[in-house]
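Here's the structure we're looking at; comments come further down.
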There are 2 protein chains.
Amino acid sequence: MTDNHASHGRKRPTGRRTGDSGTRDAILDAALGLFAEAGYDGASVRAIAARADVDPALIRHFFRDKDTLFATAVADRTTIPQRLAASFEGSPDTLGHRFADTYLRLWEEPETRPILLALVRSSTTSAHAAQMLWETLGSQLNASESATHDDQMRRLALAASHLFGLAFARHVVRLPPLVAADHDTLVEQVAPVIQTYLT
Amino acid sequence: MTDNHASHGRKRPTGRRTGDSGTRDAILDAALGLFAEAGYDGASVRAIAARADVDPALIRHFFRDKDTLFATAVADRTTIPQRLAASFEGSPDTLGHRFADTYLRLWEEPETRPILLALVRSSTTSAHAAQMLWETLGSQLNASESATHDDQMRRLALAASHLFGLAFARHVVRLPPLVAADHDTLVEQVAPVIQTYLT
DNA sequence: TGAAGAGTTCCTCAGCTGTAGAGTTCTTTC
DNA sequence: GAAAGAACTCTACAGCTGAGGAACTCTTCA
(Lines give C-alpha, C1' and ligand atoms only; values in the text may rest on other atoms or scores of the structure.)
Protein backbone atom coordinates (compact mmCIF):
# COMPACT_ATOMS: atom_id res chain seq x y z
CA MET A 1 0.00 0.00 0.00
CA THR A 2 2.71 2.54 1.05
CA ASP A 3 0.22 5.36 1.62
CA ASN A 4 3.06 7.86 1.87
CA HIS A 5 1.10 10.42 3.92
CA ALA A 6 -0.33 12.43 1.03
CA SER A 7 -2.94 10.67 -1.00
CA HIS A 8 -2.09 11.94 -4.44
CA GLY A 9 1.35 13.60 -4.26
CA ARG A 10 4.34 11.40 -4.95
CA LYS A 11 7.77 11.58 -3.30
CA ARG A 12 8.13 15.21 -2.40
CA PRO A 13 11.63 16.55 -1.90
CA THR A 14 12.95 16.69 1.62
CA GLY A 15 13.94 19.88 3.34
CA ARG A 16 12.42 23.28 3.83
CA ARG A 17 10.22 24.85 1.12
CA THR A 18 11.09 28.23 -0.25
CA GLY A 19 8.73 31.06 0.53
CA ASP A 20 5.89 31.14 3.02
CA SER A 21 3.92 27.91 3.02
CA GLY A 22 0.75 28.17 5.08
CA THR A 23 1.44 24.79 6.58
CA ARG A 24 0.64 25.61 10.19
CA ASP A 25 -2.71 27.10 9.29
CA ALA A 26 -3.50 24.24 6.95
CA ILE A 27 -2.94 21.85 9.82
CA LEU A 28 -5.18 23.85 12.13
CA ASP A 29 -7.96 23.94 9.56
CA ALA A 30 -7.74 20.24 8.86
CA ALA A 31 -7.59 19.46 12.57
CA LEU A 32 -10.64 21.53 13.43
CA GLY A 33 -12.58 19.95 10.60
CA LEU A 34 -11.72 16.41 11.58
CA PHE A 35 -12.24 17.00 15.28
CA ALA A 36 -15.67 18.37 14.42
CA GLU A 37 -16.57 15.33 12.36
CA ALA A 38 -15.05 12.55 14.40
CA GLY A 39 -14.26 13.89 17.86
CA TYR A 40 -10.91 13.86 19.61
CA ASP A 41 -10.38 10.12 19.57
CA GLY A 42 -11.78 9.60 16.12
CA ALA A 43 -9.51 12.12 14.46
CA SER A 44 -6.07 10.59 14.21
CA VAL A 45 -2.93 12.65 13.82
CA ARG A 46 -2.21 10.85 10.58
CA ALA A 47 -5.67 11.55 9.18
CA ILE A 48 -5.36 15.23 10.04
CA ALA A 49 -1.97 15.35 8.33
CA ALA A 50 -3.41 13.64 5.27
CA ARG A 51 -6.26 16.13 5.03
CA ALA A 52 -3.80 19.02 5.32
CA ASP A 53 -1.64 17.26 2.71
CA VAL A 54 1.31 17.36 5.04
CA ASP A 55 3.73 14.98 6.70
CA PRO A 56 2.47 13.76 10.12
CA ALA A 57 5.75 14.68 11.73
CA LEU A 58 5.03 18.32 11.03
CA ILE A 59 2.16 18.19 13.47
CA ARG A 60 4.53 17.08 16.14
CA HIS A 61 6.92 19.80 15.10
CA PHE A 62 4.40 22.62 15.35
CA PHE A 63 2.26 21.41 18.24
CA ARG A 64 4.26 18.95 20.37
CA ASP A 65 1.33 16.55 20.86
CA LYS A 66 -2.25 15.88 19.90
CA ASP A 67 -3.67 17.47 23.00
CA THR A 68 -1.96 20.76 22.33
CA LEU A 69 -3.12 20.62 18.74
CA PHE A 70 -6.70 20.20 19.89
CA ALA A 71 -6.50 23.02 22.39
CA THR A 72 -4.91 25.31 19.84
CA ALA A 73 -7.39 24.45 17.13
CA VAL A 74 -10.47 25.14 19.23
CA ALA A 75 -9.21 28.01 21.33
CA ASP A 76 -6.97 29.97 19.05
CA ARG A 77 -9.30 32.10 17.05
CA THR A 78 -12.66 31.97 18.71
CA THR A 79 -14.75 34.85 19.94
CA ILE A 80 -17.58 32.69 21.19
CA PRO A 81 -17.49 33.73 24.85
CA GLN A 82 -17.29 37.40 23.91
CA ARG A 83 -20.26 37.17 21.60
CA LEU A 84 -22.35 35.39 24.21
CA ALA A 85 -21.40 37.95 26.80
CA ALA A 86 -22.23 40.77 24.40
CA SER A 87 -25.73 39.38 23.92
CA PHE A 88 -26.37 40.10 27.58
CA GLU A 89 -26.00 43.82 27.03
CA GLY A 90 -29.14 45.73 26.12
CA SER A 91 -32.73 45.89 27.21
CA PRO A 92 -33.74 43.17 29.68
CA ASP A 93 -37.08 42.91 27.90
CA THR A 94 -35.57 41.28 24.83
CA LEU A 95 -32.73 39.44 26.55
CA GLY A 96 -34.28 36.03 25.91
CA HIS A 97 -34.52 36.67 22.21
CA ARG A 98 -31.01 38.08 21.89
CA PHE A 99 -29.44 35.26 23.86
CA ALA A 100 -31.26 32.50 22.01
CA ASP A 101 -30.49 34.10 18.67
CA THR A 102 -26.79 34.52 19.43
CA TYR A 103 -26.43 31.06 20.91
CA LEU A 104 -28.13 29.22 18.08
CA ARG A 105 -26.48 31.33 15.42
CA LEU A 106 -23.08 30.19 16.64
CA TRP A 107 -24.04 26.70 15.56
CA GLU A 108 -24.93 27.82 12.07
CA GLU A 109 -21.97 29.98 11.12
CA PRO A 110 -19.11 28.25 9.30
CA GLU A 111 -16.46 29.85 11.52
CA THR A 112 -17.86 28.85 14.90
CA ARG A 113 -19.79 25.72 14.00
CA PRO A 114 -16.78 23.35 13.72
CA ILE A 115 -15.43 24.61 17.01
CA LEU A 116 -18.63 23.77 18.82
CA LEU A 117 -19.00 20.44 17.09
CA ALA A 118 -15.43 19.53 17.93
CA LEU A 119 -15.99 20.42 21.57
CA VAL A 120 -19.24 18.51 21.81
CA ARG A 121 -18.03 15.44 19.95
CA SER A 122 -15.00 15.29 22.20
CA SER A 123 -16.67 16.23 25.45
CA THR A 124 -18.63 13.03 25.78
CA THR A 125 -15.50 10.96 26.28
CA SER A 126 -12.89 13.46 27.42
CA ALA A 127 -13.35 15.34 30.68
CA HIS A 128 -10.84 17.90 29.46
CA ALA A 129 -12.91 18.72 26.41
CA ALA A 130 -16.06 18.81 28.53
CA GLN A 131 -14.50 21.48 30.68
CA MET A 132 -13.48 23.50 27.63
CA LEU A 133 -17.01 23.22 26.31
CA TRP A 134 -18.39 24.45 29.55
CA GLU A 135 -15.94 27.33 29.72
CA THR A 136 -16.82 28.29 26.18
CA LEU A 137 -20.59 28.02 26.31
CA GLY A 138 -21.15 28.70 29.97
CA SER A 139 -18.69 31.47 30.52
CA GLN A 140 -21.36 34.14 30.64
CA LEU A 141 -22.75 32.19 33.54
CA ASN A 142 -19.72 32.90 35.67
CA ALA A 143 -19.36 36.39 34.32
CA SER A 144 -22.90 37.52 34.95
CA GLU A 145 -22.83 39.61 38.09
CA SER A 146 -26.55 39.38 38.55
CA ALA A 147 -26.35 35.66 39.14
CA THR A 148 -25.36 35.73 42.75
CA HIS A 149 -27.99 33.45 44.21
CA ASP A 150 -28.17 29.71 43.70
CA ASP A 151 -31.57 29.98 42.15
CA GLN A 152 -30.45 32.55 39.60
CA MET A 153 -27.40 30.50 38.73
CA ARG A 154 -29.58 27.48 38.20
CA ARG A 155 -32.01 29.39 36.02
CA LEU A 156 -29.15 30.58 33.86
CA ALA A 157 -27.86 27.04 33.59
CA LEU A 158 -31.33 25.83 32.66
CA ALA A 159 -31.54 28.38 29.88
CA ALA A 160 -28.13 27.42 28.58
CA SER A 161 -28.86 23.71 28.78
CA HIS A 162 -32.12 24.20 26.90
CA LEU A 163 -30.35 25.94 24.05
CA PHE A 164 -27.57 23.41 24.13
CA GLY A 165 -30.00 20.51 23.96
CA LEU A 166 -31.75 22.15 21.04
CA ALA A 167 -28.47 22.62 19.18
CA PHE A 168 -27.38 19.07 19.98
CA ALA A 169 -30.64 17.60 18.75
CA ARG A 170 -30.53 19.72 15.62
CA HIS A 171 -26.88 19.41 14.62
CA VAL A 172 -25.55 16.22 16.16
CA VAL A 173 -28.44 13.80 16.47
CA ARG A 174 -30.28 15.55 13.63
CA LEU A 175 -33.83 15.26 14.91
CA PRO A 176 -36.01 15.65 11.81
CA PRO A 177 -38.49 18.18 13.20
CA LEU A 178 -35.65 20.40 14.38
CA VAL A 179 -33.55 20.01 11.26
CA ALA A 180 -36.52 21.00 9.15
CA ALA A 181 -37.21 24.21 11.06
CA ASP A 182 -35.30 27.32 10.13
CA HIS A 183 -33.25 29.39 12.52
CA ASP A 184 -35.72 32.24 13.01
CA THR A 185 -38.65 29.98 13.71
CA LEU A 186 -36.69 28.20 16.42
CA VAL A 187 -35.49 31.42 17.99
CA GLU A 188 -39.01 32.79 18.00
CA GLN A 189 -40.40 29.70 19.67
CA VAL A 190 -37.65 29.36 22.26
CA ALA A 191 -37.11 32.99 23.14
CA PRO A 192 -40.06 33.35 25.54
CA VAL A 193 -38.87 30.37 27.56
CA ILE A 194 -35.34 31.69 27.79
CA GLN A 195 -36.70 35.08 28.75
CA THR A 196 -38.68 33.47 31.57
CA TYR A 197 -35.66 31.62 32.88
CA LEU A 198 -33.43 34.67 32.79
CA THR A 199 -35.74 37.19 34.42
CA MET B 1 3.84 -8.11 30.99
CA THR B 2 1.76 -10.94 29.47
CA ASP B 3 -1.54 -9.59 30.74
CA ASN B 4 -3.29 -12.88 30.03
CA HIS B 5 -6.79 -11.40 29.76
CA ALA B 6 -7.75 -11.54 33.43
CA SER B 7 -5.87 -9.18 35.66
CA HIS B 8 -5.50 -11.31 38.75
CA GLY B 9 -6.42 -14.89 37.81
CA ARG B 10 -3.58 -17.06 36.59
CA LYS B 11 -3.75 -19.82 33.99
CA ARG B 12 -7.29 -21.01 34.18
CA PRO B 13 -8.04 -24.49 32.91
CA THR B 14 -9.20 -24.77 29.33
CA GLY B 15 -12.56 -26.14 28.30
CA ARG B 16 -16.13 -25.69 29.41
CA ARG B 17 -16.93 -25.04 33.08
CA THR B 18 -19.30 -27.32 34.92
CA GLY B 19 -22.62 -25.87 36.00
CA ASP B 20 -24.22 -22.60 35.01
CA SER B 21 -21.69 -19.78 34.83
CA GLY B 22 -23.32 -16.40 34.32
CA THR B 23 -20.71 -15.53 31.74
CA ARG B 24 -23.00 -14.05 29.14
CA ASP B 25 -24.66 -11.76 31.64
CA ALA B 26 -21.32 -10.79 33.14
CA ILE B 27 -20.17 -9.69 29.71
CA LEU B 28 -23.33 -7.66 29.14
CA ASP B 29 -22.96 -5.93 32.49
CA ALA B 30 -19.32 -5.11 31.93
CA ALA B 31 -20.03 -3.93 28.39
CA LEU B 32 -22.84 -1.60 29.41
CA GLY B 33 -20.72 -0.15 32.18
CA LEU B 34 -17.73 0.49 29.96
CA PHE B 35 -19.80 1.83 27.09
CA ALA B 36 -21.39 4.22 29.56
CA GLU B 37 -18.04 5.42 30.84
CA ALA B 38 -16.02 5.56 27.66
CA GLY B 39 -18.40 5.41 24.70
CA TYR B 40 -18.40 2.90 21.87
CA ASP B 41 -14.91 3.62 20.60
CA GLY B 42 -13.38 4.07 24.00
CA ALA B 43 -14.56 0.73 25.33
CA SER B 44 -12.41 -1.97 23.77
CA VAL B 45 -13.49 -5.56 23.50
CA ARG B 46 -10.47 -6.55 25.52
CA ALA B 47 -11.23 -4.07 28.29
CA ILE B 48 -14.80 -5.31 28.50
CA ALA B 49 -13.57 -8.88 28.72
CA ALA B 50 -11.12 -7.92 31.45
CA ARG B 51 -13.85 -6.24 33.50
CA ALA B 52 -16.04 -9.29 33.14
CA ASP B 53 -13.03 -11.44 34.06
CA VAL B 54 -13.43 -13.44 30.92
CA ASP B 55 -11.44 -14.36 27.83
CA PRO B 56 -11.92 -11.82 25.00
CA ALA B 57 -12.69 -14.57 22.54
CA LEU B 58 -15.83 -15.37 24.49
CA ILE B 59 -17.29 -12.04 23.44
CA ARG B 60 -16.88 -13.05 19.87
CA HIS B 61 -18.40 -16.39 20.69
CA PHE B 62 -21.53 -14.99 22.27
CA PHE B 63 -21.99 -11.85 20.21
CA ARG B 64 -20.27 -12.19 16.83
CA ASP B 65 -18.89 -8.63 16.82
CA LYS B 66 -18.62 -5.45 18.86
CA ASP B 67 -21.54 -3.81 17.17
CA THR B 68 -23.88 -6.62 18.06
CA LEU B 69 -22.58 -6.56 21.60
CA PHE B 70 -23.37 -2.87 21.84
CA ALA B 71 -26.83 -3.26 20.42
CA THR B 72 -27.58 -6.18 22.71
CA ALA B 73 -26.25 -4.43 25.79
CA VAL B 74 -28.30 -1.28 25.34
CA ALA B 75 -31.44 -2.76 23.85
CA ASP B 76 -31.87 -6.08 25.58
CA ARG B 77 -33.44 -5.22 28.84
CA THR B 78 -34.67 -1.69 28.65
CA THR B 79 -38.16 -0.37 29.15
CA ILE B 80 -37.26 3.23 28.51
CA PRO B 81 -39.60 3.85 25.57
CA GLN B 82 -42.49 2.21 27.37
CA ARG B 83 -42.00 4.32 30.47
CA LEU B 84 -41.82 7.51 28.46
CA ALA B 85 -44.94 6.58 26.56
CA ALA B 86 -46.71 5.72 29.79
CA SER B 87 -45.99 9.19 31.16
CA PHE B 88 -48.20 10.57 28.39
CA GLU B 89 -51.24 8.87 29.81
CA GLY B 90 -53.24 10.81 32.35
CA SER B 91 -54.55 14.31 32.81
CA PRO B 92 -53.26 16.83 30.26
CA ASP B 93 -53.02 19.41 33.02
CA THR B 94 -50.07 17.70 34.66
CA LEU B 95 -48.49 16.23 31.54
CA GLY B 96 -45.49 18.55 31.71
CA HIS B 97 -44.69 17.50 35.23
CA ARG B 98 -45.12 13.79 34.59
CA PHE B 99 -43.02 13.85 31.43
CA ALA B 100 -40.19 15.86 32.97
CA ASP B 101 -40.19 13.69 36.07
CA THR B 102 -40.12 10.44 34.12
CA TYR B 103 -37.49 11.66 31.68
CA LEU B 104 -35.10 12.98 34.28
CA ARG B 105 -35.63 10.06 36.60
CA LEU B 106 -34.39 7.71 33.91
CA TRP B 107 -31.02 9.42 34.21
CA GLU B 108 -30.86 8.84 37.94
CA GLU B 109 -31.83 5.20 38.26
CA PRO B 110 -28.99 2.69 38.27
CA GLU B 111 -30.76 0.41 35.77
CA THR B 112 -31.43 2.95 33.06
CA ARG B 113 -28.68 5.46 33.66
CA PRO B 114 -25.82 3.43 32.08
CA ILE B 115 -27.96 2.74 29.04
CA LEU B 116 -28.54 6.43 28.42
CA LEU B 117 -24.94 7.33 29.12
CA ALA B 118 -23.74 4.64 26.74
CA LEU B 119 -26.06 5.90 24.03
CA VAL B 120 -25.07 9.52 24.49
CA ARG B 121 -21.35 8.89 24.78
CA SER B 122 -21.47 6.82 21.63
CA SER B 123 -23.89 8.95 19.66
CA THR B 124 -21.50 11.82 19.13
CA THR B 125 -19.17 9.77 16.97
CA SER B 126 -21.35 6.93 15.70
CA ALA B 127 -24.37 7.71 13.57
CA HIS B 128 -25.72 4.28 14.41
CA ALA B 129 -25.74 5.03 18.12
CA ALA B 130 -27.25 8.45 17.46
CA GLN B 131 -30.15 6.79 15.73
CA MET B 132 -30.64 4.36 18.61
CA LEU B 133 -30.59 7.28 21.03
CA TRP B 134 -33.22 9.02 19.00
CA GLU B 135 -35.37 5.92 18.78
CA THR B 136 -35.08 5.42 22.50
CA LEU B 137 -35.66 8.94 23.72
CA GLY B 138 -37.81 10.24 20.92
CA SER B 139 -40.05 7.28 20.38
CA GLN B 140 -42.99 8.93 22.05
CA LEU B 141 -42.63 11.64 19.49
CA ASN B 142 -43.52 9.31 16.68
CA ALA B 143 -46.07 7.49 18.74
CA SER B 144 -48.04 10.50 19.85
CA GLU B 145 -51.08 10.63 17.63
CA SER B 146 -51.87 14.19 18.54
CA ALA B 147 -48.70 15.44 16.92
CA THR B 148 -49.90 15.55 13.41
CA HIS B 149 -48.93 19.07 12.45
CA ASP B 150 -45.40 20.28 11.91
CA ASP B 151 -45.74 22.80 14.66
CA GLN B 152 -46.84 20.21 17.20
CA MET B 153 -44.05 17.88 16.21
CA ARG B 154 -41.57 20.68 16.65
CA ARG B 155 -42.95 21.60 20.04
CA LEU B 156 -42.61 18.02 21.18
CA ALA B 157 -39.05 17.93 19.90
CA LEU B 158 -38.32 21.17 21.70
CA ALA B 159 -39.57 19.74 24.96
CA ALA B 160 -37.52 16.59 24.50
CA SER B 161 -34.41 18.52 23.56
CA HIS B 162 -34.78 20.74 26.60
CA LEU B 163 -34.89 17.77 28.91
CA PHE B 164 -32.09 16.11 27.04
CA GLY B 165 -29.90 19.20 27.29
CA LEU B 166 -30.60 19.41 30.99
CA ALA B 167 -29.65 15.78 31.51
CA PHE B 168 -26.54 16.18 29.38
CA ALA B 169 -25.40 19.25 31.28
CA ARG B 170 -26.08 17.56 34.60
CA HIS B 171 -24.69 14.10 33.99
CA VAL B 172 -22.13 14.39 31.20
CA VAL B 173 -20.67 17.88 31.34
CA ARG B 174 -21.51 18.14 35.04
CA LEU B 175 -22.47 21.78 35.20
CA PRO B 176 -22.07 22.75 38.86
CA PRO B 177 -25.40 24.55 39.32
CA LEU B 178 -27.26 21.59 37.83
CA VAL B 179 -25.28 18.95 39.65
CA ALA B 180 -25.97 20.70 42.94
CA ALA B 181 -29.72 20.81 42.46
CA ASP B 182 -31.79 17.82 43.43
CA HIS B 183 -34.15 15.95 41.15
CA ASP B 184 -37.40 17.40 42.49
CA THR B 185 -36.23 20.99 42.32
CA LEU B 186 -35.28 20.57 38.71
CA VAL B 187 -38.53 18.88 37.80
CA GLU B 188 -40.49 21.61 39.51
CA GLN B 189 -38.64 24.34 37.68
CA VAL B 190 -38.76 22.72 34.26
CA ALA B 191 -42.26 21.28 34.34
CA PRO B 192 -44.11 24.53 33.46
CA VAL B 193 -41.96 25.01 30.38
CA ILE B 194 -42.52 21.45 29.20
CA GLN B 195 -46.21 21.86 29.85
CA THR B 196 -46.26 24.97 27.68
CA TYR B 197 -44.49 23.23 24.84
CA LEU B 198 -46.74 20.20 24.94
CA THR B 199 -50.11 21.94 25.11
C1' DT C 1 30.38 34.28 4.55
C1' DG C 2 29.08 31.27 8.17
C1' DA C 3 26.29 29.64 11.93
C1' DA C 4 21.74 28.94 13.97
C1' DG C 5 17.44 27.53 13.47
C1' DA C 6 12.91 26.70 11.29
C1' DG C 7 10.43 23.74 8.01
C1' DT C 8 10.36 19.37 5.92
C1' DT C 9 11.01 14.31 4.75
C1' DC C 10 11.34 9.28 6.05
C1' DC C 11 11.79 5.46 9.26
C1' DT C 12 11.10 3.28 13.64
C1' DC C 13 8.99 1.85 18.00
C1' DA C 14 5.95 -0.20 21.31
C1' DG C 15 1.27 -0.72 22.12
C1' DC C 16 -3.40 -1.37 21.20
C1' DT C 17 -7.40 -2.63 18.10
C1' DG C 18 -11.18 -6.01 16.16
C1' DT C 19 -11.32 -10.32 14.21
C1' DA C 20 -10.18 -15.08 13.51
C1' DG C 21 -8.84 -20.10 13.96
C1' DA C 22 -7.76 -24.26 16.38
C1' DG C 23 -7.85 -27.09 20.34
C1' DT C 24 -9.98 -28.70 25.08
C1' DT C 25 -13.69 -29.81 28.19
C1' DC C 26 -18.28 -30.07 29.69
C1' DT C 27 -23.52 -30.70 28.61
C1' DT C 28 -27.20 -32.25 25.96
C1' DT C 29 -29.52 -35.26 22.81
C1' DC C 30 -30.43 -39.54 20.72
C1' DG D 1 -22.81 -44.86 25.49
C1' DA D 2 -21.72 -42.21 21.47
C1' DA D 3 -22.25 -38.00 18.72
C1' DA D 4 -23.17 -33.01 18.52
C1' DG D 5 -22.65 -28.84 20.12
C1' DA D 6 -21.90 -25.17 23.54
C1' DA D 7 -18.54 -22.96 26.61
C1' DC D 8 -13.98 -22.10 27.16
C1' DT D 9 -8.67 -21.44 26.36
C1' DC D 10 -4.50 -19.69 23.82
C1' DT D 11 -2.24 -17.76 19.87
C1' DA D 12 -2.05 -15.07 15.67
C1' DC D 13 -2.77 -11.53 12.25
C1' DA D 14 -2.98 -7.28 9.89
C1' DG D 15 -3.85 -2.67 10.72
C1' DC D 16 -3.85 1.44 13.13
C1' DT D 17 -2.31 4.58 16.96
C1' DG D 18 0.74 8.57 19.16
C1' DA D 19 5.33 9.50 19.67
C1' DG D 20 10.13 10.18 18.58
C1' DG D 21 14.63 10.48 16.11
C1' DA D 22 17.80 11.37 12.11
C1' DA D 23 18.78 13.81 8.12
C1' DC D 24 18.13 17.34 4.69
C1' DT D 25 17.16 22.18 2.89
C1' DC D 26 15.98 26.72 3.05
C1' DT D 27 15.89 31.40 5.67
C1' DT D 28 17.61 34.65 8.87
C1' DC D 29 20.84 37.11 11.22
C1' DA D 30 25.49 38.23 12.91
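The sequence lines fix the lettering, A, B, ..., with proteins before strands; numbering per chain opens at 1.
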For [X] and [N], what is the distance between atoms [atom1] and [atom2] respectively, to the nearest whole Å?
X: Arg60(A); N: dC13(C); atom1: CZ; atom2: P; answer: 16 Å
X: Arg24(A); N: dA6(C); atom1: CZ; atom2: C1'; answer: 13 Å
X: Leu58(A); N: dC26(D); atom1: CG; atom2: C1'; answer: 14 Å
X: Ile27(B); N: dT9(D); atom1: CD1; atom2: C1'; answer: 13 Å
X: His61(B); N: dC26(C); atom1: NE2; atom2: P; answer: 16 Å
X: Ile59(B); N: dA7(D); atom1: CD1; atom2: P; answer: 15 Å
X: Phe62(A); N: dT8(C); atom1: CZ; atom2: C1'; answer: 9 Å
X: Asp20(B); N: dA6(D); atom1: CG; atom2: C1'; answer: 12 Å

**Prompt:** With respect to the phosphate group of dT9(D), does any side-chain polar atom (N or O) of Arg12(B) fall under 4.0 Å of OP1 or OP2?
**Reply:** yes
**Message:** Both Ala57(A) and Thr23(B) contact DNA chain D. Taking the nearest nucleotide for each, which residue is further toward the 5' end?
**Reply:** Thr23(B)
Nearest to the side chain of [X], which nucleotide is it out of [options]?
X: Asp55(A); options: dG18(D), dC8(D), dT9(C); result: dT9(C)
X: Arg46(B); options: dA6(C), dT19(C), dA7(D); result: dT19(C)
X: Ser44(A); options: dA7(D), dT19(C), dG18(D); result: dG18(D)

**Request:** Heavy atoms only: give me the nearest Leu119(A)-Ala129(A) pair and the separation to one decimal.
**Result:** CD2-O, 4.1 Å
**Prompt:** Can you say whether the rings of Phe99(A) and Phe88(A) are parallel (under 30°), tilted (30 to 60°) or perpendicular (over 60°)?
**Reply:** perpendicular
**Asked** Is a salt bridge present between Asp151(B) and Arg154(B), judged by a nitrogen-to-oxygen distance below 4.0 Å?
**Response** yes
**Prompt:** Does the Arg51(A) side chain pair with the main chain of Asp29(A), one donor and one acceptor, at a distance under 3.5 Å?
**Reply:** no
